[in-house]
Undergrad: 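This is the structure I have questions about; it appears just below.
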Amino acid sequence: MHVPDRSFFERSSLDVAPELLGAHLTHITDDGPVTLRLTEVEAYLGDGTDPGSHAFRGKTPRNAVMFGPPGHVYAYFTYGMHTCANLVCSPEGRASAVLLRGAEVIVGEELAWRRRGSKAPHRDLARGPARLTVAAGIRLDENGSDAFEPPFAIEIPDTPVTPFATGPRTGISGPGGDEALYPWRFWIPGDPSVSPYKRHARAKSSGHPAG
DNA sequence: CCTTTGATCATCT
DNA sequence: GATGATCAAAGGT
């Protein structure tokens with residue numbers, strides 16, 4: 001486990017996403033630290049070719065952070081009540097991002113449990129993008145924060161986690177959710193903290209070079 | 001295990 | 001005015 005160079009994020013989210021599996025993301029507040037071990041992520045592009053991406057129709061006030069420097073946090077509000085978090089990829093000006101969809105809480109479980117406000121089992125604490133954001137204590141007003149600076153910290157595995165699984169992205173209507181065109185959801189096979197939604201999609205073991 | 005449904009509002013058309 | 005990178009509770013199999 002090591003702190004990556006910022007250039008790690010200066011690549012397409014398609015390359016970064018699978019290498020974030022198993023990474024540790026820490027967020028510290030006055031209440032203490034929470035560290036997440038990432039188990040499920042999704043890649044989104046910003047070059048106008050990805051209809052599932054917030055950046056598909058160009059830069060707007062909401063997605064502006066996606067077009068900013070890599071290694072920063074893109075947080076957005078949706079469904080009238082939920083916040084989700086991404087890590088920005090690609091060089092500045094070329095938006096792409098990795099949505100954090102599932103993780104295991106490995107530090108600060110008590111704090112994460114308190115934030116979630118329910119008796120969630122350990123595996124459910126950060127299972128799903130909105131739950132993950134609550135468990136970590138990431139707030140909407142932290143949109144644009146540098147993930148390399150406090151209150152954030154990130155470490156990645158010395159060797160990428162293999163094998164990993166791929167499949168269609170979750171919750172996307174229209175062509176952006178088409179597995180054949182955009183199989184850009186990545187997860188650690190069999191991990192209980194992978195989000196359950198639309199899991200009917202068959203987990204195929206990665207035929208990726210890495211696995 | 002599964003499916004259905006209500007909640008609730010910023011954003012974009 | 002419709003939609004959405006969602007969740008939790010309730011009820012069925």
Side-chain angles (χ1 to χ4, degrees), chain A residues 12-14 16-18 20-21 25 36 38-68 72-90 95-103 105 112-144 147 165-187 190 192-203:
Chain A
S12 166
S13 57
L14 279 176
V16 174
L20 280 175
L21 295 175
L25 179 67
L36 304 175
L38 301 178
T39 60
E40 180 191 8
V41 298
E42 282 175 3
Y44 290 86
L45 300 189
D47 58 6
T49 64
D50 177 7
S53 172
H54 284 175
F56 181 53
R57 294 179 191 283
K59 192 173 179 178
T60 69
R62 176 174 71 160
N63 66 24
V65 169
M66 281 182 78
F67 291 79
H72 286 234
V73 175
Y74 166 46
Y76 67 92
F77 182 76
T78 190
Y79 286 106
M81 63 194 87
H82 296 304
T83 300
C84 299
N86 298 248
L87 293 173
V88 174
C89 300
S90 302
S96 78
V98 175
L99 171 68
L100 310 181
R101 282 201 61 90
V105 176
W113 184 87
R114 227 182 307 152
R115 285 173 174 151
R116 293 272 282 103
S118 66
K119 287 187 177 180
H122 177 74
R123 68 168 169 280
D124 282 352
L125 277 175
R127 187 192 199 199
R131 292 162 161 183
L132 181 155
T133 304
V134 170
I138 299 171
R139 302 185 315 277
L140 191 56
D141 61 34
E142 292 182 287
N143 183 36
T166 65
R169 295 178 296 188
T170 299
I172 297 188
S173 59
D178 188 327
E179 172 169 17
L181 300 175
Y182 309 98
W184 295 345
R185 179 179 175 219
F186 304 86
W187 68 94
S193 65
V194 171
S195 70
Y197 297 98
K198 304 191 179 178
R199 197 197 272 170
H200 57 75
R202 192 176 287 287

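So that the names make sense, note that chain A is the first sequence line, chain B the second, and so on, each numbered from 1.
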Undergrad: For the pair made of CZ in A/R169 and P in C/dA5, what is the distance, rounded to whole Å?
TA: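 Atom CZ in A/R169 sits about 10 Å away from atom P in C/dA5.
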
Undergrad: May I ask you to say whether A/R169 pairs ionically with A/E42, meaning some side-chain N is under 4.0 Å from a carboxylate O?
TA: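 Between A/E42 and A/R169 there is no salt bridge, as every charged N stays at least 4.0 Å from the carboxylate O atoms.
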
Undergrad: Nearest whole angstrom, please: distance from the P of C/dT6 to the CZ of A/R127.
TA: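 To the nearest whole Å, that distance equals 14 Å.
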
Undergrad: Generate the contact string for nucleotides 6-13 of chain B. Rules: B means base contact, S means sugar-phosphate contact only, - means no protein heavy atom under 4.0 Å.
TA: -BBBSSSS

Undergrad: Checking A/A97 now: which residues fulfil side chain to side chain contact (heavy atoms under 4.5 Å, CB included) with it, not counting sequence neighbours?
TA: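 So A/A97 forms a side chain to side chain contact (heavy atoms under 4.5 Å, CB included) with A/M66, A/N86.
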
Undergrad: Rounded to the nearest Å, what distance is computed from the CG atom of residue A/N143 to the P atom of nucleotide C/dA5?
TA: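 Rounded to whole Å, this separation is 16 Å.
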
Undergrad: Please report the distance, rounded to the nearest Å, between CD1 in A/I172 and C1' in C/dT6.
TA: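 The distance from CD1 of A/I172 to C1' of C/dT6 comes to 13 Å, rounded to the nearest Å.
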
Undergrad: Give the rounded distance in Å between these two atoms: CZ of A/F56 and P of C/dT3.
TA: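 Those two atoms, CZ and P, are 18 Å apart.
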
Undergrad: Within 45 degrees of the ring normal and closer than 6.0 Å to the centroid, is that where the cationic atom of A/R115 sits relative to A/W113?
TA: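 No - A/R115 does not lie over the ring of A/W113 by the 6.0 Å and 45° rule.
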
Undergrad: Ring centroids only, cut at 6.0 angstrom: are A/H54 and A/Y44 within range, meaning strictly under it?
TA: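 Centroid distance A/H54-A/Y44: not below 6.0 Å, so no.
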
Undergrad: Can you see if the side chain of A/R185 gets near the phosphate of C/dA5 - specifically, an N or O under 4.0 Å from OP1 or OP2?
TA: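 Negative; the distance criterion is not met.
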
Undergrad: Using only side-chain N and O atoms of A/R116, determine if any of them is under 4.0 Å from OP1 or OP2 of C/dC7.
TA: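 No, A/R116 has no side-chain N/O under 4.0 Å of OP1/OP2 on C/dC7.
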
Undergrad: Can you tell me the distance, in whole Å, between the CG atom of A/D124 and the P atom of C/dA9?
TA: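 Whole-Å distance recorded here is 11 Å.
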
Undergrad: Only distances under 3.5 Å count here; give the side-chain donor-acceptor pairs of residues 133-144 of chain A to other protein atoms, sequence neighbours excluded, each with its distance to 0.1 Å.
TA:
from   : atom 1 : to     : atom 2 : distance (Å)
A/T133 : OG1    : A/T83  : O      : 3.2
A/T133 : OG1    : A/P129 : O      : 2.8
A/R139 : NE     : A/D141 : OD1    : 3.3
A/R139 : NE     : A/D141 : OD2    : 3.3
A/R139 : NH2    : A/D141 : OD1    : 3.0
A/E142 : OE1    : A/H27  : NE2    : 3.2
A/E142 : OE1    : A/R139 : N      : 2.9
A/E142 : OE2    : A/H27  : NE2    : 2.8
A/N143 : OD1    : A/A75  : N      : 2.9

Undergrad: A/F56: what forms a side chain to side chain contact (heavy atoms under 4.5 Å, CB included) with it, not counting sequence neighbours?
TA: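 Residues passing side chain to side chain contact (heavy atoms under 4.5 Å, CB included) with A/F56: A/P51.
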
Undergrad: Give DNA chain B the dot-bracket treatment, 5' to 3': Watson-Crick (N1-N3 with N6-O4 or O6-N4) or G-U (N1-O2, O6-N3) under 3.5 Å, [ ] crossing, | other strand.
TA: |||||||.||||.

Undergrad: Side chains of A/S12 and A/S90 only: does a donor on one sit below 3.5 Å from an acceptor on the other?
TA: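 Checked: A/S12/A/S90 side chains show no N/O donor-acceptor pair below 3.5 Å.
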
Undergrad: Sequence neighbours excluded, which residues qualify as side chain to side chain contact (heavy atoms under 4.5 Å, CB included) partners of A/A120?
TA: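 Side chain to side chain contact (heavy atoms under 4.5 Å, CB included) list for A/A120, sorted by chain: A/R116, A/S118, A/D124, A/L125.
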
Undergrad: Any side-chain donor paired with an acceptor under 3.5 Å for A/R101 and A/S195?
TA: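 Per modelled atom types, A/R101 and A/S195 side chains form a pair under 3.5 Å.
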
